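These numbers were taken from a predicted model, which means no experiment stands behind them. The analysis underlying the following values was restricted to heavy atoms, covering all of them including side chains, and did not include hydrogens, waters or symmetry mates.
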Amino acid sequence: MSDFFSVLIPFMLMHIICDFYLQPKLWVEAKKASTYRSLELYLHSLLHGVASLIPAVILAVDWRTAACVVVIVAVSHFIIDLWKVSTPRGETFSYFVIDQTLHLSILTVIAFHIADSVTIEAVLKHENFQDAVMLLFGYLLILKPTSIVIASILKKYPISGSAGDDTTQVSGIVAGGELIGYLERLLILTFTLVGSYEAVGFVLAAKSIFRFGELNKTNDRSMTEYVLIGSLVSVVITTLVGTLLSFGLEVKIK
């Protein structure tokens, strides 16, 4: 597997450089405005294709394979970017994630082809494959599924808000709370798996200071209880998932 990652990482590095550092903002705006008629879309795709020659040369890939890589990277990047800029909601975070996942998937397939003695069977039989699947399952579990569970629990504790500014404040807390919950659970699970429980305490303390400080300025007790219940359920679920993963991965709990 070391050969696979030694091939994949240089290609990913060039992708990041070309997509985020060598793409001017004017190119991004031009692609959105003109889509397939935009010269910048073609230049950006060509840039990615030509840049993929750098890791190909460094890895001593034969010229035929290198030529195929250039074409595949350039064409796939053009198609994916064209789809993204042609989509009405293409600027949202979810579409950004899908866009980058598609690009990296193409690079992963290329790395599989170039790397020696790396097959799907070898990956499935790798000693760390089960651990990787378990980690992926854990991280996916604490995001959307956990949010759904929390939302179901909180339905029993509605916020007593009125119309006008109070309603806007309530909806803002709920919407912002979901994103904060995602970030909080990611940090707690990560710190739990590496055994850094002091950092977990710091995350909880920091959230309490910034989140509940504003809530205490209001006289709405139901809103405070609503956020507190959601936070505690989030922490409990993530801690349980982290503990179970620690046992499954044979991580020593300090």
Side-chain angles (χ1 to χ4, degrees), residues 1-126 128-129 131-133 135-137 139-140 143-144 182 186:
M1 290 297 290
S2 59
D3 291 338
F4 169 71
F5 286 110
S6 65
V7 173
L8 178 61
I9 291 175
F11 281 103
M12 290 179 62
L13 176 62
M14 294 311 303
H15 169 77
I16 292 174
I17 292 175
C18 292
D19 224 29
F20 298 100
Y21 292 93
L22 298 183
Q23 181 177 206
K25 188 175 181 180
L26 291 176
W27 285 19
V28 177
E29 298 300 328
K31 289 191 297 182
K32 294 177 184 177
S34 304
T35 61
Y36 70 91
R37 296 186 299 272
S38 169
L39 175 62
E40 289 79 3
L41 176 60
Y42 294 90
L43 291 176
H44 181 61
S45 303
L46 182 61
L47 175 63
H48 274 271
V50 173
S52 65
L53 275 176
I54 298 176
V57 171
I58 294 175
L59 296 168
V61 177
D62 64 90
W63 69 269
R64 291 182 180 178
T65 302
C68 289
V69 169
V70 171
V71 173
I72 292 172
V73 171
V75 172
S76 64
H77 206 95
F78 174 85
I79 294 173
I80 295 170
D81 274 22
L82 177 60
W83 163 78
K84 185 172 181 289
V85 297
S86 302
T87 304
R89 299 178 61 232
E91 297 183 7
T92 60
F93 178 73
S94 59
Y95 278 88
F96 170 78
V97 173
I98 295 173
D99 169 71
Q100 293 302 315
T101 300
L102 290 174
H103 288 314
L104 296 181
S105 297
I106 297 295
L107 297 180
T108 301
V109 173
I110 292 173
F112 263 111
H113 177 74
I114 294 177
D116 296 330
S117 67
V118 176
T119 62
I120 298 296
E121 183 179 1
V123 173
L124 295 177
K125 293 183 177 180
H126 192 269
N128 294 326
F129 178 75
D131 292 347
V133 172
L135 279 173
L136 179 61
F137 170 75
Y139 276 101
L140 291 177
L143 295 176
K144 194 65 176 180
Y182 279 1
L186 286 173

Holding to side-chain hydrogen bond (donor to acceptor under 3.5 Å, both in side chains), I want the full list of residues that pass it with Tyr139, two or more places apart in sequence or in another chain.
Thr190
Should the heavy atoms of other residues, nucleotides or ligands under 6.0 Å from OH of Tyr21 be counted, would the total exceed 12?
no
Please assess Leu8 against Phe4 for the test side chain to side chain contact (heavy atoms under 4.5 Å, CB included), listing each intermediate value before the final yes or no.
CA-CA 6 Å; Leu8 178 61; Phe4 169 71; 3.9 Å; yes
Run the side chain to side chain contact (heavy atoms under 4.5 Å, CB included) test on Gln100 and Phe96 for me, step by step, so that the C-alpha distance in whole Å, both residues' side-chain angles and the decisive distance to 0.1 Å come before the verdict.
CA-CA 6 Å; Gln100 293 302 315; Phe96 170 78; 3.8 Å; yes
Show, in sequence, the C-alpha distance, side-chain angles and deciding distance for Ile114 and Phe11, and conclude whether the side chain to side chain contact (heavy atoms under 4.5 Å, CB included) test is met.
CA-CA 11 Å; Ile114 294 177; Phe11 281 103; 3.9 Å; yes
Out of curiosity, Ser6 OG to Leu59 CG, how far, rounded to the nearest 0.5 Å?
6.5 Å
Euclidean distance, Leu135 CG relative to Leu140 CG, rounded to 0.5 Å
10.5 Å
Looking at residues at least two apart in the chain, or sitting in another chain, which of them share a side chain to side chain contact (heavy atoms under 4.5 Å, CB included) with Leu41?
Lys31, Ser38, Ser45, Phe78, Asp81, Leu82
By side chain to side chain contact (heavy atoms under 4.5 Å, CB included) - contacts of Ile72 (at least two apart)
Ile106, Ile110
With Arg64, which residues qualify under side chain to side chain contact (heavy atoms under 4.5 Å, CB included), at least two apart?
Asp62
How far does CG of Leu47 sit from CG of Leu43, to the nearest 0.5 angstrom?
8.5 Å
Could you grab the distance from atom CD1 of Ile98 to atom CD1 of Ile80, nearest 0.5 Å is fine?
11.5 Å
For Tyr95, the ring-ring contact (aromatic ring centres under 6.0 Å, His included) test, sequence neighbours excluded, returns Trp83
Please report, to 0.1 Å, the donor-acceptor pairs under 3.5 Å made by any side chain of residues 48-57, with sequence neighbours excluded.
| from | atom 1 | to | atom 2 | distance (Å) |
| --- | --- | --- | --- | --- |
| His48 | NE2 | Asp19 | OD1 | 3.2 |
| His48 | NE2 | His44 | NE2 | 3.3 |
| His48 | NE2 | His77 | NE2 | 3.3 |
| Ser52 | OG | Gly49 | O | 2.4 |

For Glu40 and Glu29: C-alpha separation, side-chain torsions, deciding distance, then whether side chain to side chain contact (heavy atoms under 4.5 Å, CB included) applies.
CA-CA 9 Å; Glu40 289 79 3; Glu29 298 300 328; over 6 Å; no
Applying side-chain hydrogen bond (donor to acceptor under 3.5 Å, both in side chains), can you list everything that pairs with Asp99, at least two apart in sequence or on another chain?
His103
For Val28, what residues pass the side chain to side chain contact (heavy atoms under 4.5 Å, CB included) criterion, not counting sequence neighbours?
Gln23, Lys32
Would you indicate whether Leu26, at its atom CG, is surrounded by more than 12 heavy atoms from other residues, nucleotides or ligands within a distance under 6.0 Å?
no
For Thr92, all residues meeting side-chain hydrogen bond (donor to acceptor under 3.5 Å, both in side chains), sequence neighbours excluded
Ser94
